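Please read these numbers as outputs of a predicted model, since none were measured by experiment.
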Amino acid sequence: MIDVSHFEKLNVADTCSLWNILASRVLSSTAESVGIQLCSTTFVRYECLHKPGRHWPERLELQKRLQAKLIAGRISFHAIDIEDLQDFEVLKNRKKLSTGELSVIVFACKTRQAVLTDDVAAQKLARTELGASLVQSTAHLFAWLYFNSHMGDSDKDQIIADLLALGRSLKNLDEFYTEAQRCRAMANQANRN
């Protein structure tokens with residue numbers, strides 16, 4: 001299980017994790033208020049805002065929220081340099097991941113920031129490239145916020161409802177929540193002794 005007592009504050013996020021965080025105003029605003037910073041790559045910006053596809057109302061709402069974060073300077077996007085393309089091609093040949101996920105891993109390696117992804121295959125590849133301590137997920141973010149008392153028990157239900165309302169879900173959120181409760185109880189017990 002992930003160490004819920006630790007979370008890197010500087011993150012390079014992929015499309016899925018951006019959507020999951022933006023889907024919940026509670027999660028997004030709480031993370032922002034404690035100094036969690038998100039950036040990504042221009043490939044992810046393309047996937048989020050410009051990639052052709054079916055226009056469903058939930059996607060339009062997520063795009064609106066992302067645009068607001070961009071205007072407010074809360075999320076930034078960065079291009080991958082030509083020199084980084086070689087690393088990109090090496091990773092591309094190793095795994096079947098989206099261009100956005102691969103670009104996030106390459107940029108995180110270059111800048112030594114954490115990768116924020118909810119894709120299991122991307123997490124696995126990122127761990128081999130960056131090490132486990134620099135690979136994070138939205139559920140890990142929630143658990144860390146809860147462990148550190150930035151969120152309460154009722155926030156979990158609100159976050160789940162928010163995600164579902166916008167066609168998103170985090171299957172492992174309950175698992176991380178339980179782990180955060182366990183770790184918080186152990187920390188409280190240790191403080192009492």
Side-chain angles (χ1 to χ4, degrees), residues 1-40 44 62 65-66 69 72 74-76 95 97 101 104-105 107-109 111-193:
M1 185 45 109
I2 301 294
D3 177 4
V4 299
S5 68
H6 178 77
F7 192 85
E8 293 291 329
K9 290 191 172 186
L10 302 176
N11 292 270
V12 185
D14 68 3
T15 301
C16 189
S17 61
L18 276 177
W19 282 161
N20 286 338
I21 290 170
L22 292 173
S24 172
R25 293 185 195 280
V26 171
L27 181 59
S28 179
S29 64
T30 304
E32 203 172 281
S33 74
V34 298
I36 300 299
Q37 295 179 23
L38 302 176
C39 74
S40 197
V44 170
L62 290 168
R65 292 180 187 188
L66 179 57
K69 294 287 183 187
R74 302 284 189 208
I75 296 175
S76 59
K95 294 286 179 184
L97 298 175
E101 290 162 339
V104 162
I105 294 169
F107 189 73
C109 285
T111 59
R112 298 304 298 165
Q113 294 182 74
V115 167
L116 185 64
T117 180
D118 295 329
D119 182 273
V120 175
Q123 290 171 356
K124 185 176 178 182
L125 179 59
R127 279 188 199 100
T128 65
E129 298 299 316
L130 289 157
S133 66
L134 290 177
V135 180
Q136 305 180 137
S137 68
T138 306
H140 181 192
L141 170 61
F142 166 79
W144 176 78
L145 290 167
Y146 179 79
F147 175 81
N148 287 290
S149 300
H150 299 299
M151 291 188 157
D153 293 325
S154 63
D155 290 321
K156 178 180 76 95
D157 294 334
Q158 182 61 55
I159 290 168
I160 290 170
D162 291 345
L163 289 165
L164 291 174
L166 289 176
R168 313 294 307 165
S169 71
L170 289 174
K171 294 179 177 126
N172 57 355
L173 190 64
D174 285 321
E175 214 177 288
F176 277 78
Y177 173 72
T178 301
E179 178 65 6
Q181 283 182 312
R182 185 187 72 77
C183 292
R184 194 154 99 177
M186 287 174 46
N188 289 339
Q189 182 65 33
N191 288 338
R192 283 189 214 115
N193 294 336

* Asked: Tell me the salt bridge (Lys or Arg N to Asp or Glu O under 4.0 Å) pairs involving residues 9-37, sequence neighbours left out?
  -> R25-E61, E32-K69, E32-R74

* To do: Drop me the distance from N148's CG to H6's NE2, to the nearest 0.5 angstrom.
  => 11.0 Å

* To do: Answer whether the closest heavy-atom distance between the side chains of L27 and M151 falls below 4.5 Å.
  => yes

* Quick one: pull up CD1 in I105 and CG in L125 and give me the separation to the nearest 0.5 Å. => 4.0 Å

* To do: Tell me yes or no: between the side chains of Q181 and R184, is some donor less than 3.5 Å from an acceptor?
  => no

* Asked: Within a strict 4.5 Å, meaning less than it, do heavy atoms of the D162 and V26 side chains meet?
  -> yes

* What pairs with A139 under side-chain contact (heavy atoms from CB on, under 4.5 Å), at least two apart in sequence or on another chain? -> S137, N172, L173, F176

* Considering only heavy atoms from C-beta outward, does the side chain of I160 approach that of D174 to under 4.5 Å? -> yes

* Structure fact -> When rounded to the nearest 0.5 Å, the distance separating CG of L22 from OG1 of T138 is 9.5 Å

* Structure fact -> Separation between CD1 (I2) and CD (Q123), nearest 0.5 Å, reads 7.5 Å

* Structure fact -> With sequence neighbours left out, the residues meeting side-chain hydrogen bond (donor to acceptor under 3.5 Å, both in side chains) with T111 are Q113

* To do: Would you name the heavy atoms of C109 and E129 that are closest together and state the gap between them?
  => SG-CB, 3.7 Å

* Asked: Given side chains that start at C-beta, do those of R112 and L134 come closer than 4.5 Å, heavy atoms only?
  -> yes

* **side-chain contact (heavy atoms from CB on, under 4.5 Å) against A23, all qualifying residues, sequence neighbours excluded** => L62, L163, L166, R168

* Partners passing ring pair (Phe, Tyr, Trp, His ring centres under 6.0 Å) against Y177 (at least two apart in sequence or in another chain) -> Y146

* Heavy-atom check, side chain of L170 versus side chain of N20, under 4.5 Å -> yes

* To do: Would you indicate whether the side-chain heavy atoms of L116 and I21 approach each other to under 4.5 Å?
  => yes

* Structure fact -> Distance col, row S76:OG vs Q37:CD, nearest 0.5 angstrom, shows 8.5 Å

* With N191 via side-chain contact (heavy atoms from CB on, under 4.5 Å) - residues at least two apart -> none

* On the 0 to 90° scale, with breaks at 30° and 60°, tag the F7-H140 ring pair as parallel, tilted or perpendicular. => perpendicular

* Could you tell me whether the side chain of C16 reaches within less than 4.5 Å of the side chain of D119, counting heavy atoms only? => no

